[in-house]
Amino acid sequence: MKKLLLGVVLVVVLAFGGLKITEKIVQGGDDYYVEVTNKGNKKEERDDSGRTVLSYDYDLAGFDKAGKEKEMKFTAYKDRPLIQGAYLKVTWNQNRDVTSYEQVKESDIPEKAKEKL
C-alpha cells in the first residue's frame with residue numbers, strides 16, 4: 001500500500017513539474033519594454049457564432065534591460081486601442097514571438113531601456 005501511494009505521489013509531482021517546465025518554455029521568454037506610440041491597426045473579424053471580434057495590431061520597438069532593441073509585433077484583443085504613451089513590459093519568446101504583455105509604470109523600467117524609449 002505504501003509503495004502504491006508513493007508511486008501515485010511521484011507521478012503527480014512529475015506531471016506537475018513537467019507542466020511547469022512546458023509552461024515556461026511555451027509562455028516564458030525575455031522581457032522587453034515598449035512605449036505605445038500609435039493606435040495600432042484595427043481589425044474586425046467575425047467568430048464562428050457571427051459575433052464581431054475587435055483587435056489591434058502593433059509593431060513597436062522594444063528594449064531589454066541592457067538597452068538592446070528588438071522589433072515587437074503583437075496583437076491586442078480589446079474593444080479599444082491601447083493607451084498611447086503607456087509603457088508595456090512585453091514577454092518575447094524565440095519560438096512564439098510575443099507571448100504576453102502588461103502595462104507598467106515608467107519607474108519600473110530598467111534604466112538602459114528607459115533611455116532608449
Side-chain angles (χ1 to χ4, degrees):
M1 185 69 175
K2 287 183 181 180
K3 288 183 181 181
L4 177 63
L5 182 60
L6 182 60
V8 169
V9 168
L10 185 60
V11 167
V12 169
V13 168
L14 288 174
F16 182 74
L19 287 173
K20 285 298 183 185
I21 290 170
T22 301
E23 180 182 332
K24 185 72 172 171
I25 290 170
V26 172
Q27 295 295 328
D30 300 319
D31 292 334
Y32 285 83
Y33 298 87
V34 302
E35 180 179 4
V36 179
T37 56
N38 61 59
K39 292 184 179 183
N41 296 320
K42 182 179 179 179
K43 288 192 318 188
E44 283 189 39
E45 299 176 327
R46 300 243 180 237
D47 65 10
D48 292 339
S49 64
R51 290 181 294 191
T52 301
V53 177
L54 289 177
S55 64
Y56 294 85
D57 291 333
Y58 292 90
D59 188 357
L60 302 168
F63 300 92
D64 67 7
K65 63 183 176 184
K68 183 180 172 190
E69 183 176 358
K70 181 172 286 296
E71 200 65 24
M72 300 284 123
K73 294 181 181 186
F74 62 98
T75 301
Y77 291 93
K78 296 187 170 276
D79 293 336
R80 57 166 177 72
L82 297 173
I83 300 168
Q84 286 191 358
Y87 295 102
L88 304 177
K89 180 170 109 175
V90 176
T91 302
W92 184 85
N93 181 298
Q94 182 175 349
N95 300 321
R96 300 195 57 214
D97 296 325
V98 173
T99 59
S100 66
Y101 64 88
E102 66 177 304
Q103 187 170 347
V104 294
K105 298 177 191 171
E106 185 177 2
S107 60
D108 294 335
I109 301 173
E111 199 58 43
K112 290 193 179 201
K114 193 186 303 185
E115 290 172 4
K116 302 280 180 135
L117 293 173

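Note that the coordinates shown come from a computational prediction; the quantities given were computed from them, not determined experimentally. Just so it is clear, the values below take in all heavy atoms, side chains as well, and ignore hydrogens, waters and symmetry mates.
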Worksheet, complete the sentence: The reported gap from CD in Glu35 to NZ in Lys116 (rounded to nearest 0.5 angstrom) is 15.5 Å
Practice prompt. Would you name the heavy atoms of Lys114 and Glu106 that are closest together and state the gap between them?
Written response: CE-O, 3.3 Å
Worksheet item: To the nearest 0.5 Å, how far apart are OG1 in Thr52 and CD in Glu45?
Response: 10.5 Å
Fill in: Joint cluster assignment, Val104 & Val90, ILVMFWY side-chain distance < 4.5 Å
no
Ignoring hydrogens and angles, write down the donor-acceptor pairs under 3.5 Å from the side chains of residues 67-79, residues two or more places apart or on other chains.
| residue | atom | partner | partner atom | Å |
| --- | --- | --- | --- | --- |
| Thr75 | OG1 | Asp57 | OD1 | 2.7 |

Practice prompt. Give a yes or no on whether Leu88 and Tyr32 share a hydrophobic cluster (residues Ile, Leu, Val, Met, Phe, Trp, Tyr; joining criterion: side-chain heavy atoms under 4.5 Å apart).
Written response: yes
Fill in: Distance in Å, Glu102 CD paired with Thr91 OG1, rounded so as to fall on 0.5 Å steps
7.0 Å
Response to the item:
Between Gln103 and Ile83 the two heavy atoms that sit nearest each other are OE1-CD1, 4.5 Å
Worksheet item: Between OG1 of Thr99 and CH2 of Trp92, what distance do you get to the nearest 0.5 Å?
Response: 10.5 Å
Discussion item. For the CD1 atom of Ile109 and the CZ atom of Phe63, what is their distance to the nearest 0.5 Å?
Written reply: 11.0 Å
Worksheet item: Judged by atom type as modelled, is there a donor-acceptor pair below 3.5 Å linking the side chain of Tyr58 to the main-chain atoms of Leu82?
Response: yes
Response to the item:
Separation between CG (Asn38) and CG (Leu60), nearest 0.5 Å, reads 5.5 Å
Worksheet entry | Min side-chain heavy-atom separation Lys65-Asp31 under 4.5 Å | no
